[in-house]
K.L.:
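Quick one: structure below, then a few questions.
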Amino acid sequence: MAAARDDLNPSPPSDNTCCHTSAGSSQVRHPLDPLDGGELSRAAAIINEAFAKTEPVRFERIEIAEPDKALLRYWKPGDAFDRQARFAIFRRGRIGVTEGVLSLDQGRILASRDLPAARPMIMLEEFLEVEQAVKADPRFIAACRRRGIDDVSMVCVDPWSAGSFDIPGEEGRRLSHTFSWLRTRPDSNYYAHPIEGVNAVVDIDSMEVLRVDDHYEGRDPLPVPMTRNEYDARFKERFTSSGKVLDIVQPDGPSFAVEGRRLRWMGWDVLVGFNSREGLILHDIGHSVDGARRKIMHRASIAEMVVPYGSPERAHYRKNVFDIGEYGLGKLANSLKLGCDCLGAIHYMDAWVNGIDGTPVKIENAICIHEEDQGLGWKHWDWRTDVAEVRRLRRLVISSISTVGNYEYASYWYLYQHGGIEFEMKATGIINTVGCEPGKPSKYGSEVMPGVMGQIHQHLFCARLDMEVDGPANSVVECNVVVPPLGAENPQGNVFYEEQTVLATEKAAARRANPATMRYWKIINPDTRNAVGKPTAYKLEPTHTVTTFTDPGSRSGQRGGFIYNHLWVTPFAPDERYPAGDYVNQSEGGLGLPQWTEADRPVENTDIVVWHVFGLHHPVRLEDFPVQPVVMCGFKLMPSGFFDRNPMIDDAPTRNAASCCV
Ligand code: CO
């Protein structure tokens, strides 16, 4: 499903000197460098030696076991360290996962345990197997025939995660619950042709089709809408102009430097990581002025996401997909194309993930690094002297794009000259389409073409931000605007001011956004003072919080309990990595953030992790089809008393010589 179709994208010029790729060197430069292909192979061999003597194992995940923070704090280039990997494996034919840690240097398993009820993610290699199993099933073939489809070879079956709904017959299995569409020719956009009301439940391990539910049994099924609606360039008879050439030219090269996975740019430095579940990870983010480095974050990633759909009709209530925990954004990362996905002077990094059989898979050019002009940085015109000072703003962009079934998730981390850090998720790809009677969509969606509906849904993301503002001991402060009632304290009605409250424990720090008080949160270092004697801080600006509607007591609500707060704060614990739990696929619920924070541990002036939930509310528009133009959501981390003045104040004035008047 995620396979890139190279033949469709124009090849970049072969002599292009703007593009540089980090060589796949097996030399590990830093303890946080992701595992490369050689290390993945070696890890798989160690696992096979230990666990596959009598029965083959399948590999859900092999990834770097990130070293202890204490080691990282004192590690210097050249220091020896034990290179370790985490793994999760499973066996065909029964549920359960064996997870553990191994040492690549010692060539042995260090620890492992069996989790008999856990289900591994749905693997890319299983996608097509599920489709084949469903299409071979006589009940499915009969349901298609009832809809006028005599030949199922053009039917596409998407392997959705099944969720956990206590449905008799589904217990104790690892499942996919499928939805289907029809191609009108072998390469057409099948999402224009939903086969409504036919869902199969497949045991992914045995590839047994447990059930085929025809929700139109005993009545006339909805006909499959057959009007084509293509996006693929090869089907287009004419194109509108894409405009004249727009080049991003950097004759002197970009202003960043790359050494291994370490990226340095205009005061910033960051180590770019990657794993199969979270995809892009930023480690050890620091900022230096005159050689004095100050740390801001230890680690940043998007650790989970869920996409709840609002329809109770037929089997659509089951759609509540955890695209990170159930599929893995890293595994489904694209190979990016120069001049298409990425414009300008680009540095690429490759990514390595494991295949289901343990074989390393290289995703070439998975991570794109470049600089962007961001328009005005600051300006002032002294109208008395007629002198104008102006500086432009740049940002460094670190990005990757993942395809999860019908949707694309494009992740962009930005570091700004003004000290800001921003994350932006651009969602694109194809909406999940559903059949309806032409002209009569149900109230749970909107029609995007006759007989084709997009249901209301949301995309909820959870960022895991291991903060280290000027060091590991941080606190979170909530800022709310207070307005005293008209009277002695507010005689003219103009009064408003900010009140700051330290969120001292996990329960106190489980918070929702509040636009009525302009609420935001500051991550402060209580022991480090700025020029005016206040704690140094970064503020989290919750720019895209979403009100959620899944009932918290429902199975889907319990499984994704992290969505009910926009902010969570936990004391750092190395095994608390995934906000809906480690094994999300068909999880029973109650795992992750809601479970951990029950302990109500102190989170004041200690090593904390800040979790921010944000997202997109998506009532589908006509314009979202046949492919959705990018819609964005994200958040900002802005310095707030971290620097003693505008950090761009000493930037030299520039005048871009390539600019011209037309
Ligand atoms: Co959407």
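Basis for what follows: all heavy atoms, side chains included, without hydrogens, waters or symmetry-related copies. Counting convention: from 1, in listed order, for ligands and their atoms alike.
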K.L.:
Are there more than 12 heavy atoms of other residues, nucleotides or ligands under 6.0 Å from atom CE of M518?
P.N.:
no

K.L.:
Out of the candidates P225, C436, P441, only one should pair with V452 under the side chain to side chain contact (heavy atoms under 4.5 Å, CB included) rule; please name it.
P.N.:
P225

K.L.:
Side chains of S587 and R559: donor-acceptor distance under 3.5 Å anywhere?
P.N.:
yes

K.L.:
State the count of protein N/O/S atoms located less than 2.8 Å away from the Co ion (ligand 1).
P.N.:
4

K.L.:
What's the separation between atom CG in L540 and atom NE2 in H612, rounded to the nearest 0.5 Å?
P.N.:
5.0 Å

K.L.:
Hey, which of R299, K331, R577 is the one that makes salt bridge (Lys or Arg N to Asp or Glu O under 4.0 Å) with E278?
P.N.:
R299

K.L.:
Under 3.5 Å, is there a donor-acceptor pair between the Y407 and Q628 side chains?
P.N.:
yes

